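Chain naming here is simple, since letters A, B, ... match the order of the sequence lines and numbering starts at 1 in each. Not measured: the values here are computed from a predicted model.
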2 protein chains.
Amino acid sequence: MVGVRLEPIPARESGSALFGGRKQFVLPEVETEFDNLARRISFAPKTTVFAESEPSIAVYTLTRGTAGLYKMLADGRRQIVGFALPGDFLGSPFSDRYACSVDAIGEVAARQFPREAFLEFLRANPKSLYLMLEAALQETNAARDHMLLLGCGTAEEKFAEFIITWRARIGHGSALSNLVPLPMSRRDVADYLGLTIETVSRVLAKLEREHVVHVIPNALQLMGSAERPLLFERSHKAA
Amino acid sequence: MVGVRLEPIPARESGSALFGGRKQFVLPEVETEFDNLARRISFAPKTTVFAESEPSIAVYTLTRGTAGLYKMLADGRRQIVGFALPGDFLGSPFSDRYACSVDAIGEVAARQFPREAFLEFLRANPKSLYLMLEAALQETNAARDHMLLLGCGTAEEKFAEFIITWRARIGHGSALSNLVPLPMSRRDVADYLGLTIETVSRVLAKLEREHVVHVIPNALQLMGSAERPLLFERSHKAA
DNA sequence: CGGCTACTTGACATCTATCAACCGGGGTGG
DNA sequence: CCACCCCGGTTGATAGATGTCAAGTAGCCG
């Protein structure tokens with residue numbers, strides 16, 4: 001086990017959906033033009049926004065709720081590759097088929113854009129294109145950070161990294177709270193971390209025994225005083 | 001264990017460096033302009049092209065050899081997030097620091113571009129920007145495919161997926177050969193798959209015992225007749 | 001109240017990591 | 001030219017983490 005403090009956590013990559021919410025790729029001056037392309041649409045909890053390999057007819061930006069992006073194997077094994085929050089972009093604009101599936105976790109609202117219209121918008125707005133490329137590279141990097149976790153981390157390290165990153169994402173702008181909402185199920189967490197739900201449960205039990213966290217339905221209370229090593233330490237700190 | 005045929009393998013994502021080599025983001029008509037920005041540079045085997053967290057002063061396109069991209073933890077655990085082949089783009093154009101490290105595996109040659117000049121080129125060439133965004137999204141998807149492997153795969157599945165994807169990448173254009181060169185060390189393979197070198201070695205021994213492959217120094221002979229299930233099956237086939 | 005689902009807990013199995021020995025090829029230097 | 005060493009790789013014995021299977025609990029909704 002390798003440890004690091006829990007608190008400061010130099011704000012790392014989003015680990016998010018396609019693009020972390022903070023990265024706005026539509027500039028204010030073209031926003032209404034962009035919005036005109038959109039159709040508002042919402043999804044009930046546990047319903048599918050789109051599924052991998054379906055024809056990619058539209059792209060989305062999430063406006064409310066949380067969604068899970070995942071890829072699956074034929075026998076049902078599933079890897080959640082990210083969680084999307086409001087502001088995140090979803091879809092495969094350059095592909096004829098969606099590259100992964102997206103399920104609403106709770107109630108979800110989104111703006112839907114026909115794929116072709118979206119591409120046309122991009123072609124007409126190089127500045128947006130530029131910002132979106134920047135966001136896409138950040139996203140690739142976030143995926144690679146998660147690869148590091150999946151390939152090298154222990155169960156406890158995986159969970160710790162998850163909860164800290166998640167807390168940073170939803171704390172977004174406002175101060176970080178020690179009461180961290182967890183809208184997703186244990187199965188979602190397990191599939192995100194490459195673990196089983198039982199292992200996640202046991203890690204939680206252990207952290208609770210050690211007074212690092214308090215387990216609450218749909219949330220987690222981080223024990224503020226906890227200077228306990230929780231996370232694995234990167235060889236190079238984030239910028 | 002879940003099986004799938006070895007042969008057809010619908011050409012999947014690159015799993016590559018920053019951008020799969022086949023994706024040319026510099027159009028012919030601006031290529032000389034682009035090249036004028038470049039400085040040719042080469043790297044001896046096992047040397048570092050750049051390291052994570054170093055100032056991001058230049059970006060590169062690989063012209064010869066193979067490179068490994070990786071991220072590390074403080075205690076030395078390493079995750080190789082991809083291998084780069086000629087044509088692949090390397091660097092963190094939008095960041096002040098490199099997002100991951102790159103080591104030459106064998107002898108490597110590359111073109112080096114000052115980061116600012118590269119960004120200026122992108123801003124001046126929306127078409128390149130567009131193609132690069134497309135490539136970046138492919139790369140994100142490849143990273144997510146690898147996340148699926150790292151999170152869900154067994155040792156044997158991981159190795160099989162690796163060897164098949166690698167073979168497809170270097171076969172690139174020409175017919176796929178059953179003699180697959182492996183310029184990287186066992187350690188590289190292990191760190192790419194989230195395994196130990198011993199486990200990789202044992203998987204190879206097992207596959208050899210079962211006449212699926214023949215192990216050769218710096219290469220692997222795939223036994224053509226092998227209809228043996230080797231890979232894990234995706235729930236949705238690639239497009 | 002009953003039954004469902006999500007979650008937890010326990011006992012056990014298994015895969016992969018760990019630790020250690022060994023092998024073989026290539027380079028180096030005597 | 002040979003001996004040696006070093007390094008990468010293989011193989012074996014063992015241990016440990018996590019997965020599997022099964023039972024039990026708690027909350028929630030009908």
- Side-chain heavy-atom pair Ile170(A), Leu85(A) within 4.5 angstrom cut-off: yes
- Note on the structure: Checking dT18(D), dT10(D), dT8(C) against the side chain of Arg186(B) (C-beta onward), the nearest is dT10(D)
- Interatomic distance where CG belongs to Leu204(B) and P belongs to dT10(D) [whole Å]: 6 Å
- SG/Cys152(A) to CG/Leu73(B) distance, rounded to the nearest 0.5 angstrom? 5.5 Å
- Item | Of Val200(A) and Pro217(A), the one whose closest DNA chain D nucleotide lies more 5' | Val200(A)
- Query: Distance-only, no hydrogens or angles: does the Thr47(A) side chain make a donor-acceptor pair with backbone N or O of Phe43(A) under 3.5 Å?
  - Reply: no
- Query: In a check of side-chain contact (heavy atoms from CB on, under 4.5 Å) between Leu195(B) and each of Val200(B), Thr154(B), Leu150(B), which one passes?
  - Reply: Val200(B)
- Task: Starting from P on dT5(C), measure out to CG on Asp188(A) and report it in whole angstrom.
- Result: 16 Å
- Message: Rounded to whole Å, how long is the line connecting atom CG of Asp191(A) with atom C1' of dC7(C)?
- Response: 15 Å
Under 3.5 Å, which N/O atoms of the protein pair with N/O atoms of nucleotides 20-22 of chain D?
from    : atom 1 : to        : atom 2 : distance (Å)
dT20(D) : O4     : Arg202(A) : NH2    : 2.7
dC21(D) : N4     : Glu198(A) : OE2    : 3.0

- Task: Round to the nearest Å and state the distance from Glu156(B) atom CD to dT14(C) atom C1'.
- Result: 15 Å
- Roughly how many Å is it from CD1 in Ile197(B) to C1' in dA21(C), rounded to a whole number? 14 Å
- Task: Can you tell me the distance, in whole Å, between the CZ atom of Phe159(A) and the P atom of dT18(D)?
- Result: 14 Å
- Take atom CZ of Arg187(A) and atom P of dG19(D), then tell me their distance rounded to the nearest Å. 11 Å
- Message: Among dG9(D), dT16(C), dG19(D), which nucleotide has an atom closest to any side-chain atom of Thr154(B)?
- Response: dT16(C)
- Item | Spacing between Leu182(B) atom CG and dG9(D) atom P, to the nearest angstrom | 10 Å
- Message: Under 3.5 Å, is there a donor on one side chain and an acceptor on the other for Ser92(A) and Ser56(A)?
- Response: no
- Message: Is the shortest side-chain heavy-atom distance between Glu208(B) and Leu204(B) below 4.5 Å?
- Response: no
- Side chain of Lys46(B) - closest among dC7(C), dG8(D), dA6(C): dG8(D)
- Can we call the ring centroids of Tyr70(A) and Tyr192(A) under 6.0 Å apart? no
